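This report concerns only the one structure given below.
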Amino acid sequence: MHIKIDHLHCSYEKNQIINDLCLEIKSQGHLTVLGANGSGKSTFAKAMSGLLTFEGKISFNQQNIATLSTNDKAKSIAYIPSKLESFDSFTTVEDFVLMGRFPHKEPFRDYSDKDYEKVADILEELSLTHLASNSLHQLSSGQQQLTLIAQALAQESQIIIFDEPTSNLDPKNALFFSKLLKSLQTTHTTILITHDLNLAFHIKGSLLFLARQKNHYFESSNEFFTQENLSKLYQAPFTLQTRSPGLAYE
Amino acid sequence: MSKYLLFLSLFAGFIMAPFVGEAPITLAGLFDPNSLEFRIFTELRLPRIFLAFFTGLILALGGLIFQTLFRNALMTPYTLGVSSGAVLGAGIAIKLGLAVSFLGINTTVLFGSTGALLTVVLLLFLARFLHKAEHESLLLLGIALSFFYTSALTVLFFLSSYVETHQILRFTMGSLSIIGFDTALIAFVLALVLFTYIYFQRFALQIISISDEQARLKGINTKKALYSLLGISSVAVGIMVSIVGPIGFVGLVVPHMVKKIYQKSLITLITPIALFGGFFLLACDTLSRAISSGSEIPIGVVTAFIGGPFFIYLILTRKKH
C-alpha cells in the first residue's frame with residue numbers, strides 16, 4: 001500500500017512534537033524511523049494508525065485516512081506498540097492473537113474456524129505454539145513482544161508499524177525478527193521505529209530521523225550511516241570501526 | 001466439575017427458597033388453590049424469588065460492565081455513586097409525592113434511573129480533567145459524589161414530613177417484598193435486554209478489557225462502546241435501585257468470585273456471572289427471611305455485611321500494575 005504524508009503536524013499537550021513532515025513510501029517500500037528519546041517516533045506511529053489527532057493529510061493508496069472507517073483503517077494498518085498493557089490477567093496468548101482477526105470478523109458472529117487456523121499458523125511461525133494457552137501475564141517481556149507481533153500478523157493489514165520491536169528480544173529472537181521483517185517486506189509496506197542502529201543499518205529502504213526542530217529524510221538508509229551524521233544528529237560520539245560485539249544481521 | 005456441582009446446588013436453593021419464611025408452606029396447601037398458603041406462595045413468595053434473581057443478575061452484569069470498561073476491579077455502579085444517584089432521584093420523587101404510574105413505570109423509577117444516568121454523565125465529564133492513567137481518581141470522584149448525595153438526602157429528610165421520612169428511610173434500606181408479578185416482569189425484561197446487549201458486544205469488550213489503545217487499533221469505536229454500555233447498564237441498575245432500593249456490593253463480589261472459580265477472563269464469563277449474580281441475591285434474600293422472625297432484615301444490610309469486608313479484602317490484595 002502506497003503511503004503519502006502531507007505537511008503532518010502533531011502536538012501533545014500544546015507541545016509541537018512533529019513539525020511539517022512530508023514524505024512518501026512506495027507500495028512494498030520500507031521506512032526506518034530513528035530519533036532521540038522524545039523526538040516523536042511513537043507519536044508519528046500513533047498518528048499514522050489513527051490513535052492521535054493531527055493536522056495535515058495522510059493517505060493510503062490516494063485515499064485520505066480521515067475518510068476511512070475505523071474498521072477499514074484497522075484492515076489497512078497494524079501498529080505494534082513497544083509493550084503490552086493489560087488489566088485482565090487471564091487472557092491467553094491464543095485469545096490475544098485471535099483479537100487481530102476482529103476487523104475481519106462478521107458482526108455478532110463468533111470467530112470462524114479459518115480465523116483459528118490462521119492464528120495457529122502464525123503461532124507456529126513465531127514458535128509460540130507451546131505458549132498458546134498461557135496467560136499474557138506469565139510471559140517474559142520478549143515473549144510478549146513476539147505475541148504483539150503475532151497479533152498484528154493475524155490482522156493481515158498491508159501496512160505494519162513496528163515500534164521498537166527488538167527492545168526486549170534476545171539476540172537469537174532479534175535475528176529471527178530481522179529475517180521476518182525482510183520476508184514481510186516483499187508483501188507489505190513496513191515502518192520500523194528503533195534505537196537498534198545495527199538492525200537499522202541492515203534493513204534497506206528509506207530512513208527518517210526525527211528531531212523537534214527539523215526532520216531529516218534520506219532516500220536510502222545508506223546515506224544516513226556516516227560517522228558525521230550519526231554524531232551530529234544523536235549528539236553523541238560515534239565510531240563505525242568497532243570491535244565491540246554487534247549482532248551479525250544479514 | 002465443581003462448577004456444575006456449584007450451579008446444581010444453587011439451583012436446588014432456587015427451588016427451596018419459596019418455602020422459607022414466616023408462614024410455613026405445606027405441600028397439601030400448595031395443591032389447594034383456595035388456601036392461604038397457596039396465595040402466599042404464588043402472590044408473595046414466587047414473585048419475590050424471581051425479582052431477587054433478576055435483580056441480582058442485573059447488578060452483577062452492571063459490575064461486570066463497569067469493571068471491564070474501566071479496567072479496574074473496584075469499579076461498579078455502587079462504588080462509583082451511580083446507585084446513590086438513583087437513590088437520591090427516587091427519594092426526591094417520594095418527597096414530591098409524584099406517584100403517577102404509566103405502564104408500570106412510575107415517577108420514582110423515572111427519577112431514579114435519571115439520577116443514575118446523570119451520575120454517569122457527570123463522572124465521564126469530570127474524568128476528562130483527569131490524567132488518563134489515573135483510574136483510582138475516578139473511584140475517588142465516585143465516592144465524593146456518594147457523599148454529596150448522602151448529604152442531599154439528609155436535606156430531603158429535614159424538609160420531609162414524618163411519614164415521608166419514614167417512607168424514604170425504608171426505601172434506602174432496600175426491600176424485595178412485592179405483591180404480584182408486575183415488578184418481577186420488569187426485572188426480567190431489563191435483565192434480558194442487558195444480557196443480550198452485552199452478549200452481542202462480547203468480542204469488542206474482550207479487546208476493550210486489554211486496553212483502550214488495542215481496541216482502537218482493531219477498529220472499535222471505543223467512545224461509542226463506552227457511552228452505550230455505561231448508559232444501558234446504568235439505566236438498568238438505576239431502575240432496579242428505584243424499585244428495590246440500594247443493594248450494594250453484588251456487582252463487586254459476584255464477578256470477582258466467578259473469576260476466581262473459573263480462572264478465566266471476566267468478559268468470557270458473562271453467563272456464569274449473570275446466573276451466579278441471580279443466585280447470590282436470592283440466597284441473601286432467603287437468608288434475610290430465614291434468620292429473623294417478625295420483621296425481616298433489609299436485603300441491603302445483608303449484602304453490605306458480606307460485601308463490605310469483601311471490598312476491604314479486594315483493596316488489600318490488589319496487585320500493583
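Every value quoted in this text rests on a predicted model; they were computed, and no experiment measured them. All chains are named by letter (A, B, ...) in the order of the sequence lines, taking the proteins before the strands, and each is independently numbered beginning at 1.
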Rounded to the nearest 0.5 Å, what separates atom [atom1] in [X] from atom [atom2] in [Y]?
X: T91(A); Y: I267(B); atom1: OG1; atom2: CD1; value: 10.5 Å
X: L84(A); Y: Q214(B); atom1: CG; atom2: CD; value: 6.5 Å
X: K73(A); Y: R216(B); atom1: NZ; atom2: CZ; value: 8.5 Å
X: R202(B); Y: D110(A); atom1: CZ; atom2: CG; value: 5.5 Å
X: Q263(B); Y: S135(A); atom1: CD; atom2: OG; value: 9.5 Å
X: T268(B); Y: D95(A); atom1: OG1; atom2: CG; value: 7.5 Å

Under 4.5 Å from any heavy atom of chain B, what part of [X] do you find: side chain, backbone, both or neither?
X: R109(A); answer: backbone
X: K75(A); answer: neither
X: L98(A); answer: neither

Shortest non-hydrogen separation from A74(A) to G219(B) and the atoms involved: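 That would be CB-N, 3.6 Å.
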Yes or no on side-chain contact (heavy atoms from CB on, under 4.5 Å) for L217(B) and L51(A), after CA distance, side-chain angles and deciding distance? CA-CA 7 Å; L217(B) 287 170; L51(A) 291 173; 3.9 Å; yes
Within a 6.0 Å radius of atom [atom1] on [X], are there more than 12 heavy atoms belonging to other residues, nucleotides or ligands?
X: D113(A); atom1: CG; result: no
X: F188(B); atom1: CZ; result: no
X: K182(A); atom1: NZ; result: yes

Any side-chain heavy atom of [X] within less than 4.5 Å of one from [Y]?
X: M99(A); Y: F203(B); answer: no
X: Q206(B); Y: F102(A); answer: no
X: L136(A); Y: I210(B); answer: yes

Show the numbers, then the answer: is there a side-chain contact (heavy atoms from CB on, under 4.5 Å) between L266(B) and F90(A)? CA-CA 8 Å; L266(B) 217 50; F90(A) 289 115; over 6 Å; no
Let's test your reading of the structure: which of S209(B), S211(B), A73(B) forms the most heavy-atom pairs below 4.5 Å with chain A? S209(B)
